[in-house]
Amino acid sequence: MARVFMKGTEAIAEAAVRAGCRFFAGYPITPQNEVPEYMSRRLPEVGGVFVQGESEVASVNMVYGAASAGTRAMTSSSSPGISLKSEGISYCAAARIPMVYANFARGGPGVGSIQPAQMDYLQATKASGNGGFRMPVLAPATVQEAVDLTVLAFDWADRDRTPVLLLADGVIGTMMEPVQLPEAKTDEEVAAIKESKKSWACIGHPLDYAHRAWIQPGNWSTLVMQQVNEEAAAMYKSWQKEAKVEEYKTEDAEIILTAYGICGRIAKSAVNLLRAEGIKAGLVRPITVFPFPYAAYDRIDYSKVKAILDVEMSIPALFVEDVDAAVKGRAPIETCLCSGGNIMSREAVIKAAKKVVEG
Amino acid sequence: MNKIYTRTKTIQEDKVSGFCPGCMHSTVMKLIGEALEELNVVDKASCVLGIGCCGLQMDYMAYDNTTAPHGRACAVATGIKRTNPDSLVFTYQGDGDFASIGLAESMSAANRGENITVIFINNGIYGMTGGQLAPTTLIGMKASTAPKGRIAEEHGYPMHMCEILNQLTAPYYLERTSCNNPANVAKTKNAIKKAFQNQLDGKGFSMVEIVTGCPTNWGMDPLKSLEFIEEKMLPEFPLGVIRDRSKEA
Ligand SMILES: Cc1ncc(C[n+]2csc(CCOP(=O)(O)OP(=O)(O)O)c2C)c(N)n1
Ligand code: SF4
Ligand SMILES: [Mg+2]
């Protein structure tokens with residue numbers, strides 16, 4: 001497949017279509033309007049459906065409906081809109097409905113700023129809706145990785161019947177890069193995926209009490225509910241071994257930078273410049289922020305490390321809470337932060353790293 | 001002997017309804033089941049339940065169903081129908097669900113002319129949560145959050161959803177019925193069948209608003225609640241076909 005030059009938002013949308021997504025509903029919000037715009041043109045070409053919902057609440061519930069009826073379905077938004085989606089996401093998690101959604105995060109709280117930020121970390125990884133559910137949260141650092149993770153998101157969603165969140169930000173969404181797009185699923189493959197869900201899809205079944213489709217985002221029986229919660233908890237635990245991470249030049253590092261998404265990429269280039277200046281820097285970049293790659297932090301040689309430098313576009317620091325749980329006191333943790341829609345500068349990261357190393 | 005009446009198979013035989021005695025949710029459920037059977041579309045039925053007492057039937061209805069978040073049934077139904085045009089997709093929603101928290105989803109689906117059917121149960125109260133004020137509560141009618149009754153200056157007036165949706169261009173069929181006597185029950189069943197048939201014929205948005213009672217939260221016995229429907233509810237919510245595009249030239 002040839003490489004093409006694409007904007008992050010459109011590349012993710014195209015990757016979704018190629019992965020077999022045939023329903024998209026969304027509501028405009030900067031900086032991700034190209035996703036619904038692209039889908040409104042593209043989906044009809046492949047026999048799919050685009051709906052501009054009357055709100056994020058309606059859009060995510062349209063996706064809940066389409067996915068409950070067996071179609072690979074997706075929605076996307078940015079921070080304030082993601083809050084509104086939480087109701088529908090919680091229902092999908094409860095009823096074990098596979099769906100994918102993307103957050104092109106911007107500054108917050110409130111309406112915040114329309115520029116990129118990483119301030120939805122706790123919402124994304126800990127509580128994307130009521131009821132203590134978890135879901136895979138994938139955090140791309142490049143447009144290519146966003147494309148690859150979009151495909152993974154649909155497969156993971158279907159395999160475990162769970163929502164999956166693509167946690168991007170305004171930089172990933174608006175940046176243009178060359179990408180290798182995945183092979184598009186054929187109409188037959190898309191139909192086969194839908195067919196495989198037919199037994200539980202809410203589309204009508206022959207009258208037979210045992211085999212009706214019953215999508216249950218809840219149950220009147222507390223015993224059934226506890227059982228559902230226990231099964232889900234076991235699934236969340238089983239995901240731990242699927243955590244994905246990039247570990248870069250960590251073996252001999254005296255300082256470990258840690259960051260996810262766009263900050264991970266900025267930190268990586270800071271590592272290279274620091275190394276050019278003789279400072280042994282390394283990077284741990286979680287690609288899945290849930291499940292969190294704890295093991296990568298166990299592989300660090302703490303006898304050599306002066307400190308861990310948490311780099312994130314959020315004030316207060318949020319990602320640092322997971323880093324802290326992973327480092328378990330084996331090294332001091334310093335932070336390098338910005339927020340409000342300001343993009344992390346490589347110079348700021350280098351300065352902060354030097355301060356740690358040189359004292 | 002000829003069998004002239006059988007129980008609908010769309011209600012599971014070994015289950016007991018969770019509805020209060022005299023509640024018309026169970027009547028409407030039976031009518032839906034009969035309509036599906038008579039149209040021979042039980043195997044295409046995809047029911048989207050709202051949140052409210054309607055949810056009490058999910059255990060014992062025998063056809064496919066899902067439960068939408070409170071008020072979002074029309075959005076969920078949109079997603080199902082758009083991706084499965086051959087399914088018969090209908091929502092079943094109370095007045096709090098359809099006309100208060102779900103107003104945006106309801107109006108927007110109607111305005112898009114979604115090819116779905118809405119069964120809207122107007123009992124003038126929030127049944128499930130214990131009798132709070134609904135958008136359809138009558139002036140002067142008491143509710144647990146309006147202890148002095150609905151006061152226009154404070155709460156506004158009852159909302160007439162058929163008439164409100166009739167302001168939109170897209171809806172195909174809007175009818176208000178009741179289940180307070182055998183003749184009205186028969187009319188309700190015909191309206192439901194018609195609304196389903198419209199969908200099968202690809203006509204677009206149809207809604208049947210059914211004026212019912214809630215003996216438990218109205219604080220009345222079932223017979224008294226029938227009188228209340230006749231004397232108080234129906235003058236406020238007049239029955240009849242509000243829109244039928246098939247009758248238009
Ligand atoms: C988001 C949300 N808000 C509130 C509730 C609580 N709740 C459950 S049913 C209901 C009202 C139902 O009233 P109505 O739609 O009129 O149905 P009825 O029970 O009268 O048939 C409410 C407020 C809820 N489940 N979810
Ligand atoms: S509370 Fe009212 S609406 Fe609910 S089941 Fe009882 S009578 Fe019916
Ligand atoms: Mg009600």
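Chain naming here is simple, since letters A, B, ... match the order of the sequence lines and numbering starts at 1 in each. Side chains are part of it too, since the values below use all heavy atoms of this structure and drop only hydrogens, waters and symmetry mates.
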Has A:Tyr27 got more than 12 heavy atoms of other residues, nucleotides or ligands less than 6.0 Å from its OH?
no

Does any backbone or side-chain atom of B:Ala62 lie under 4.5 Å from a heavy atom of chain A? Answer side chain, backbone, both or neither.
both

Can you say whether B:Ile51 sits under 4.5 Å from chain A via the side chain, the backbone, both, or neither, judging by heavy atoms?
side chain

Side chain, backbone, both or neither: which part of A:Phe50 has an atom under 4.5 Å from a heavy atom of chain B?
backbone

By a 4.5 Å heavy-atom criterion (distance strictly below it), what part of B:Leu88 contacts chain A: side chain, backbone, both, or neither?
neither

Can you tell me which portion of A:Ala58 sits under 4.5 Å from chain B's heavy atoms? Options are side chain, backbone, both or neither.
both

Taking every non-hydrogen atom, the tightest pair across A:Tyr64 and B:Thr67
OH-O, 2.7 Å

Atom group of B:Asp59 that falls short of 4.5 Å from chain A, counting heavy atoms
both

Name the option with the most non-hydrogen atom pairs under 4.5 Å to chain A; the candidates are B:Ala109, B:Gly71, B:Ser108.
B:Ser108

Flag if over 12 foreign heavy atoms under 6.0 Å of CD, A:Glu45:
yes

For the residue pair B:Ile80 and A:Cys202, what are the closest heavy atoms and their distance?
CG2-O, 3.6 Å

For atom NZ of B:Lys194, decide whether the heavy atoms of other residues, nucleotides or ligands shown that lie under 6.0 angstrom number more than 12.
yes

With a sphere of 6.0 Å drawn around NZ of A:Lys198, does it hold more than 12 non-hydrogen atoms of other residues, nucleotides or ligands?
no

Close side-chain approach of A:Phe23 and B:Arg82, heavy atoms under 4.5 Å
yes

Side chain, backbone, both or neither: which part of A:Val63 has an atom under 4.5 Å from a heavy atom of chain B?
neither

Tell me, out of B:Cys47, B:Ser46, B:Gly18, who's got the most heavy-atom pairs with chain A below 4.5 Å.
B:Ser46

Counting heavy-atom pairs closer than 4.5 Å to chain A, which one of B:Arg72, B:Lys44, B:Glu105 comes out on top?
B:Arg72

Using 0.5 Å steps for rounding, measure from the CZ atom of A:Arg212 to the CG atom of B:Asp64.
8.5 Å

Got B:Met107 and A:Glu54 here, is their nearest side-chain heavy-atom distance under 4.5 Å?
no

Residues A:Lys194 and B:Thr83: closest non-hydrogen pair is NZ-O, 2.9 Å

Choice from A:Asn219, A:Leu207, A:Thr71 maximising heavy atom contacts with chain B below 4.5 Å:
A:Leu207

Trace of the side-chain contact (heavy atoms from CB on, under 4.5 Å) decision for B:Val76 with A:Tyr91
CA-CA 11 Å; B:Val76 174; A:Tyr91 269 66; over 6 Å; no

Could you tell me whether A:Gln226 atom CD has more than 12 heavy atoms of other residues or ligands within 6.0 Å of it?
no

Please classify the contact of A:Ala201 with chain B as side chain, backbone, both or neither, using a heavy-atom distance under 4.5 Å.
backbone

